Structure formats: C-alpha cells, structure tokens
Amino acid sequence: MPPEATEIAAGYGFTGPALELGALLWDGACLPDAPVRIPLATLNRHGLVAGATGTGKTKTLQLIAEQLSANGVPVFLADVKGDVSGISAPGTPNDKVTERSAQVGQDWEAAGFPCEFYGLGGIGPGIPLRATVTSFGPVLLSKVLQLNQTQEQSLGLIFHYADSKGLELYDLKDLRAVVGFLVSDVGKTELKGIGGLSTATAGVILRALTAFEQQGAASFFGEPEFDTSELLRLAPDGSGRGLVSVLELPAVQDKPQLFSTFLMWLLADLFQKLPEVGDVDRPKLVFFFDEAHLLFTGASKAFLESITQTVRLIRSKGVGIFFVTQTPKDVPGDVLAQLGNRVQHALRAFTPDDAKALKATVRTFPKSPYDLEELLTGLGTGEAVITVLSERGAPTPVAATRLRAPQSLMGPVDAAALDGAVKSSSLYGRYAEPVDRESAFEKLSAAERAREAAAVTSALNPPSPTGGRPARTARTARTEKQDESLAEQVVGSGIFRSLARSVGTQLGREISRSIFGTRRR
C-alpha cells in the first residue's frame, strides 16, 4: 500500500471488539487488506450518518445495527420510509453482493436479526407505542403544537397546576378539560397566585389541540404507556444477540414534528430511568435518530439546550445516539460537537447553497491527505468518508471507505410476515388495546355535574321571605328527592372527593419534572 494509505489503515488497527465498516479507498482503488472499523466501546460517544438522498445512509445504519445486535447490543431504529424491516430476514445473494463482498474482503453470509416492530399510536403496522400527556411534558408538547414562547410558558403553568392538584393528564381530552376549567369562572381564581392564564392564550392552546386531534394524533397519547426499558432487551431465543427495535413510521410520514419529537421523548425517558455507568466496554443501547433535521427545525432555544444536555449526559448512562440526516449543518453546532463518530456519504453541489454546505462539511473533518471537496462529490453509492474515535478517545485518520454489504434483506419484508411478527410478540397483548382510566377529564366533569346539581337544588328551594322554608308540595318533594339523590351521588363519589381534596390545596405529591419538562420517574 502507499505510505499514506498505510498510515490511515494503522489508525484503525484496534485491539478490542470492533464493528467492521468496510475497506479503505485510496486513489480510486479498494484495499481489502486495510479494513475500516469502529471500536464497540466508543459507540456511546454518539455519531452522525449523513449524505444526500440515495447515497446509502439506510444501508449503513442497517450494517451497523446488524453487527451491534450480533455483539449483544440492543438497537433502536426509526424506519421512516418503510425499508428497514428487512433487517429481520436473511438477505438475498446476488451478483452485486458477491462483487461488493469480494472488493472489501467480506465473508458474506445471509442472516436475519431478532426484531421487535412498533407503530406510533397503533397507526400502521407494529405494537402500539403511546405516551401519556403527563409524561410527555409541556416542552415537547409545545414543539409538537408549534406554540410560541409565551404559549409554551402558559402550557407549562397548566401542567404545573395539574401536577400539583392530582389531575392526571393521560390523553388530550384531559388536557383540554384542564385548560377549559382554568379559564372558567370557577377555575380562574385557581391560577391567580401563580400568574394566571389569559383567555386568548388558552384559546390558542385549545385550537392547537383541536387541530392536532383532527389530524388523528389523539391515538398517540394515552395508556398503556410504553415502557422504554423494553428497548434494552436481548433476543428471547437465548442467543445473546441484542434486540433490534424498529419503529415503523411510513403511516405518519406526514406528521414529522410529531414523530421526531416522540423519538426525543423516548430518549428523555431513558435518560431518567437509566443509572450512571460511566465508560463501558459496550453500549447498553444504540439509538438511530433518522430524519434528524426535523427535530431541530423551528426548535426554541430552550428546546435545543435540552437536546444538547441530553446528548452530552446520556453517554455516561451507556446509550449511544446516531443522528441520520443529509448534511452536518442540519445539526446545531453544540450537538454536532458531541458526535465523535462520523460516516459521511456523498454530497451534491448543484447550487450555491449546496457548494456552501459542502465547504462547511469539509471544515468539520480533521486534516486529511484527501481532497475532501472533490472526494465527497465523487463518492459512489455505498461509499463514505469515515472518522471515528479510537479506543484512546482520539479521532482516527479520515478514511474514504467502500462499505460492506448488510447480511440481512436490503428492503422491506412482506406485509403478512411483518403483521405475523407483531401479533406473535410477547408485548402485543400488553400494549395493543388502549385503556381509558379515571383522570382529569372524568374528575372535572364530575365536579361540574355536582355544581349544576347543587345549583338546581338551590333554585328549587329558594328561602322564603319570612326566613322559613317554603311550603312543600308532593311534586316539590319528589323533585327535591331526585335532585338531592343526584347531588349526593356526585358529591359523595370518590371522584369528587378526590378533586375536592386537591382544589385550593397543595397535595405534597406534585409531579417532579426534569429535562424537557418530562416526568421524573
């Protein structure tokens, strides 16, 4: 090999377990004796898979996910286009696979990997994945509803009130009920001590919630809430392989704000649950965040700060995050600085903006003997420029790489096979059917009925001018008995007693919230 290629190859000669990415490209030739690898121990230092449409990003994350699973590391993949489900089935040998494996020195063998398939809110194939509104929190929900800063602060006030008063927000109708109560004549006084809620802002929030529900989003919120620790499991077959959790998103591609924010909720919830483990020999989970630009588009400063904090701190809990997007400029600088592993596929330079993005991308790489501007525009499908963190934590030399072929099916599995895998899962019975428990909507509705009953009773029994009780007819007595019976049923119910105990008093069990305003477990 040329001296420059030998020096680059030496930077990837790791001693510990590593994933095989491909073979070094130098001067147009593929060098199968110069493998490009990534240490298993540094995968919790996060990463970026970037490149223009059609350059092979999906196959790259499929290749990495396969090897992680084989090394006993669970993986989470968001399948936006519907073409990742093939990771569960063995690949099909063909001339292209044979040619590629020979070029990179790969001993290719078809293999499928253990998978669990999820669907957001039960829309589309997959085990339904839901979150309660309480758990989701005001910051993430504001991002989904596209509220401005003032409206986000008001929504935070609404959550604070519900948290402190024991009004559970399980689904969107619970949140609408609390907002409606707080702007009613009865509820207005409840928030005076902590700032109040303007009728105009409440109206904006209610309209946003209504529009959100009309888009079919109500099914994403509710119970049973998904337990994110399910993502950390190994294969149930006893093989020791990591389980690949695939979130099928083709049915909600038209709701990018929702699914990208929901992925952030999964990470935030994992962050709250997992203990500190420091540096480990292999990650507990590697999380691939596809279409990452959707998460950052239109994000508030507070939201971006929370993302940066999550990315920075979740590493010490053994979780690695790979953002998958088109160009590094899609990711804010503070987040990009945390991504130690880079797989950059080809970029296009058809417009002045493209050329500017290309130059910005080149500046994010370490110094290299390659002409990166020329190289990045000339890479073929399944080729990438790679730099990762070595076992010492230092960046490896920049390596143009021809990537290996995935061992699993490079495309979606048959719909019937996918449906069968979902229904045969041990988790399907736990999450398939939604549950509507007593919560804020029921409590506030019961209190309203009690007030109406009391008002009816008062109207039918006005005080007499002389201060005594009015004359009672048989009909009046029957009406009073019916109204009192209704009032006693409502006021005497557990629902109303629970609400009455909470209104106007601090229960001492307010929900504690942390990063993104999500519920602290």
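Below, each value reflects all heavy atoms present in this structure, side chains not excepted, and no hydrogens, waters or symmetry copies. Predicted model, so just to flag it, every value in this text is computed and none were measured.
Of all non-hydrogen atoms in Asp83 and Asp79, the two that sit nearest each other are N-OD1, 3.0 Å. Here the closest non-hydrogen pair linking Ala384 and Leu379 is CA-CD1, 3.9 Å. Heavy atoms only, all atoms of each residue included: Ser408 and Gln62 are closest at OG-NE2, 2.7 Å. In plain terms, the two heavy atoms of Ala440 and Val178 that are nearest each other are CB-CG2, 3.8 Å. Ile321 and Val311 make their closest contact through CD1-CG2, 4.2 Å (heavy atoms, listed as atom of the first residue, atom of the second, distance). Between Arg100 and Thr381, the closest heavy-atom pair is NH2-O, 3.3 Å.
Looking only at distances, no side-chain donor or acceptor of Lys284 sits under 3.5 Å from a matching main-chain atom of Gly318. Panel note: side chain Gln151, backbone Asn148; a donor-acceptor pair is recorded below 3.5 Å. For the pair Asn44 (side chain) and Arg315 (backbone), a donor-acceptor distance under 3.5 Å is present. Judged by distance alone, the side chain of Asp419 and the main-chain N or O of Val422 form no donor-acceptor pair under 3.5 Å. Of the possible polar contacts, one joining the Tyr431 side chain to the Asp227 backbone as a donor-acceptor pair under 3.5 Å is found. Checked by atom type and distance alone, the side chain of His345 pairs as donor or acceptor with a backbone atom of Glu383 at under 3.5 Å. Checked by atom type and distance alone, the side chain of Thr401 pairs as donor or acceptor with a backbone atom of Ala399 at under 3.5 Å. With hydrogens and angles ignored, the 3.5 Å screen pairs no side-chain donor or acceptor of Ser439 with any backbone N or O of Leu169. Side-chain N or O atoms of Thr387 include none that pairs as donor or acceptor with a backbone N or O of Arg342 at under 3.5 Å. Side-chain N or O atoms of Ser425 include none that pairs as donor or acceptor with a backbone N or O of Ala421 at under 3.5 Å.
Once rounded to the nearest 0.5 Å, the distance linking CG of Leu19 with CG of Leu68 reads 5.0 Å. Between the CG atom in Leu403 and the CD atom in Glu20 there is a gap of 12.0 Å [rounded to 0.5 Å]. Taking CD1 of Ile314 as the reference point, atom CD of Gln309 lies at 11.0 Å (rounded to 0.5 Å). Rounded to the nearest 0.5 Å, atoms OG (Ser135) and CZ (Arg130) are 14.0 Å apart. The OG1 atom of Thr327 sits 4.5 Å away from the NZ atom of Lys329 when rounded to the nearest 0.5 Å. Taken to the nearest 0.5 Å, the OG1 atom of Thr261 stands 9.5 Å off from the CG atom of Leu145.
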Practice prompt. Go through Ile64 and Val286 one step at a time and tell me if the side-chain contact (heavy atoms from CB on, under 4.5 Å) criterion holds.
Written response: CA-CA 10 Å; Ile64 297 174; Val286 175; 5.8 Å; no
Just do the side-chain contact (heavy atoms from CB on, under 4.5 Å) check on Phe220 and Lys255 with the steps written out, would you? CA-CA 12 Å; Phe220 304 137; Lys255 300 177 178 61; 4.0 Å; yes
Worked verdict on Leu247 versus Phe262 for side-chain contact (heavy atoms from CB on, under 4.5 Å): CA-CA 11 Å; Leu247 179 59; Phe262 208 99; 5.6 Å; no
**Request:** Walk me through it: do Leu155 and Phe159 pass the test side-chain contact (heavy atoms from CB on, under 4.5 Å)?
**Result:** CA-CA 6 Å; Leu155 187 61; Phe159 269 77; 3.9 Å; yes
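Side-chain contact check for Leu258 versus Val252: every heavy-atom pair is 4.5 Å or farther apart. Contact annotation: the side chain of Leu167 never approaches that of Phe181 to less than 4.5 Å [non-hydrogen atoms, C-beta and beyond]. When side chains are defined from C-beta on, Leu304 counts as touching Phe296, because their heavy atoms get closer than 4.5 Å. Looking at heavy atoms from C-beta onward, Pro35 lies out of side-chain contact with Tyr12 at the 4.5 angstrom threshold. Contact check for Leu263 versus Phe76: side-chain heavy atoms found under the 4.5 Å cut-off.
For the salt bridge (Lys or Arg N to Asp or Glu O under 4.0 Å) test with Glu168, the passing option among Arg437, Lys173, Lys443 is Lys443; the others fail.
Taking Phe259 as the reference, nothing meets the ring pair (Phe, Tyr, Trp, His ring centres under 6.0 Å) condition, with sequence neighbours excluded. Among residues two or more places apart in sequence or in another chain, the salt bridge (Lys or Arg N to Asp or Glu O under 4.0 Å) test is passed with Arg45 by Asp279. Applying the ring pair (Phe, Tyr, Trp, His ring centres under 6.0 Å) rule to Phe288 yields the partners Phe322; only residues at least two apart in sequence or on another chain are considered.
Taking 4.0 Å as the cut-off between side-chain N and carboxylate O, Arg430 and Glu230 count as a salt-bridged pair. Ion pairing of Glu291 with Lys81 is present here, as a side-chain N (NZ or NE/NH1/NH2) and a carboxylate O approach within less than 4.0 Å.
Within a 6.0 Å sphere centred on CG of Asp95, other residues, nucleotides and ligands contribute 12 heavy atoms or fewer. Surrounding CD of Gln149 are at most 12 heavy atoms belonging to other residues, nucleotides or ligands under 6.0 Å away. For CZ of Phe212, the number of neighbouring non-hydrogen atoms (other residues, nucleotides, ligands) closer than 6.0 Å is greater than 12.
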In residues 104-115, what donor-acceptor pairs under 3.5 Å come from side-chain atoms, sequence neighbours left out?
residue	atom	partner	partner atom	Å
Gln106	OE1	Ala405	N	3.1
Gln106	NE2	Ala405	O	3.0
Trp108	NE1	Pro406	O	2.9

Could you give the side-chain donor-acceptor pairs of residues 137-144 under 3.5 Å, partners two or more places apart or in another chain?
residue	atom	partner	partner atom	Å
Ser142	OG	Pro138	O	2.7
Lys143	NZ	Gln257	OE1	2.7
Lys143	NZ	Leu295	O	3.4
Lys143	NZ	Thr297	O	3.4

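Relative ring orientation between Phe289 and Phe287 is described as tilted, the plane-to-plane angle lying within the 30° to 60° band.
Checked by atom type, the side-chain pair Asp334/Thr308 shows no donor-acceptor distance below 3.5 Å.
Centroid-to-centroid, the aromatic rings of Phe136 and Phe221 come within less than 6.0 Å.
Every pair passing ring-ring contact (aromatic ring centres under 6.0 Å, His included) that includes a residue from residues 115-135 is listed here, sequence neighbours excluded: Tyr118-Phe226.
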